[in-house]
Amino acid sequence: MINLLTIQQPIEDEIEIRKSRFITYLIPIENEDEFHQAYDEIKKQHPKATHHCYAYILEGEQIIQRMSDDGEPSGTAGVPMLEVLQKNNLNHIMAVCVRYFGGVKLGAGGLIRAYSSSVSSALDHATIVAQVDQQIIELSIAYEHNDTVFHYLSVDAPQPIQIINTEYTEQVRYQLALFPHNLADFTQQINNLTHGQGIINPIHIQQVRIPAAQLEEINS
C-alpha cells in the first residue's frame, strides 16, 4: 500500500528567465515546524533576493496546503508552484523559489510559467520515493550460508528487499524490510537456501520509503 509520494533528499536547482534568476529548493518535510525552519534558513542565505515564494503540502490526518507569492502579483507564484507539486501527487514536501529580479518584467503569464518551470526543473533532478507498508523481519543464518543468502537478498529476489541492518555475532543477523504479501514466499526461499536452518522472526509492519521507480518495475 502506497501511503504517500515525496522526494528522497533536498534538491537545489537554478534557471534563468529573461535575466531573472530563479533558485528553487525542494525539501522533504514532516511538519510545519520543519517548513518554517527551512524557509527561514533559505531567506538568511538570500537576504538580497527580490522574492522568496513558497508552496508546501502536508496531508495526513489533516490536509495542509499553503503557498505565498511573497510580493509577486497575486496568484502568479505560490499557486503555480503548488499545482506542480499536486500534479506529481507529492506530499510532505516544500518548494521555495528565490527570485533575483533581472530588470525585465515578465507579466502575469510569464511569472506563472517561470515559477511553474522552476519547480518542474528541480523535480527533474529529484528521486521520487514512495512511503509503503513493509514487513520488518529479523533473519538469522549460519556464516556458511551468508554468501548465498546475501546474493539472493541483493540480486536474485523477485521483489525488493531492503537490508536495514546487519550484525555479525555467533550468526549473521539481518534486519530486513519487504512487502507483507511476500513473506510466505520469502520464508520458503530462505528455507531452501539454508536447508531449513535459517530463523525468521517477523517484528512489525512499518512505513518505509523506497524509490518509486522500483514500484513501477514491479507493476510493469
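- When the ring pair (Phe, Tyr, Trp, His ring centres under 6.0 Å) test is applied to H204, no partner is found at least two apart in sequence or on another chain.
- Residue pairs meeting the salt bridge (Lys or Arg N to Asp or Glu O under 4.0 Å) criterion with at least one partner in residues 95-120, sequence neighbours excluded, are E72-R99.
- Using modelled atom types, no side-chain atom of N182 and backbone atom of L178 make a donor-acceptor pair closer than 3.5 Å.
- Under the side chain to side chain donor-acceptor pair (under 3.5 Å) criterion, H52 pairs with no residue at all, not counting sequence neighbours.
- The salt bridge (charged side-chain N to carboxylate O under 4.0 Å, His left out) search around E30 returns R209, not counting sequence neighbours.
- Under the salt bridge (charged side-chain N to carboxylate O under 4.0 Å, His left out) criterion, R66 pairs with E32, not counting sequence neighbours.
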Requested in this report: For the pair D33 and Q37, evaluate side chain to side chain donor-acceptor pair (under 3.5 Å) and give the outcome as yes or no after the intermediate values.
Outcome: CA-CA 6 Å; D33 287 341; Q37 181 178 355; over 6 Å; no

Query raised in the report: After noting the C-alpha distance and the side-chain angles of T24 and Y115, does the key distance pass the side chain to side chain contact (heavy atoms under 4.5 Å, CB included) rule?
Result: CA-CA 9 Å; T24 300; Y115 281 101; over 6 Å; no

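- Applying the salt bridge (Lys or Arg N to Asp or Glu O under 4.0 Å) rule to pairs touching residues 158-179 yields E138-R173, sequence neighbours excluded.
- The ring pair (Phe, Tyr, Trp, His ring centres under 6.0 Å) test applied to F150 returns no partner, not counting sequence neighbours.
- Partners of E83 according to the salt bridge (charged side-chain N to carboxylate O under 4.0 Å, His left out) rule, which considers only residues two or more places apart in sequence or in another chain, do not exist here.
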Report task. List the steps, then state whether side chain to side chain contact (heavy atoms under 4.5 Å, CB included) holds for L193 with H145. Result -> CA-CA 7 Å; L193 295 173; H145 299 131; over 6 Å; no

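- Under 3.5 Å, the side chains of Q189 and D185 contain no donor-acceptor pair of N or O atoms.
- Inspection of the Q135 and Q206 side chains reveals no N or O donor paired with an N or O acceptor under 3.5 Å.
- Applying the salt bridge (Lys or Arg N to Asp or Glu O under 4.0 Å) test to residues at least two apart or on different chains, none of the pairs has a partner in residues 34-43.
- Pairs passing the salt bridge (Lys or Arg N to Asp or Glu O under 4.0 Å) check and including a residue from residues 7-27, sequence neighbours excluded, read E14-R21.
- Y174 meets the ring pair (Phe, Tyr, Trp, His ring centres under 6.0 Å) test with no other residue; sequence neighbours excluded.
- Side chain to side chain, Y56 and H92 fail the donor-acceptor criterion of an N or O pair below 3.5 Å.
- Residues satisfying the side-chain contact (heavy atoms from CB on, under 4.5 Å) test with D156, not counting sequence neighbours, are H151, Y152.
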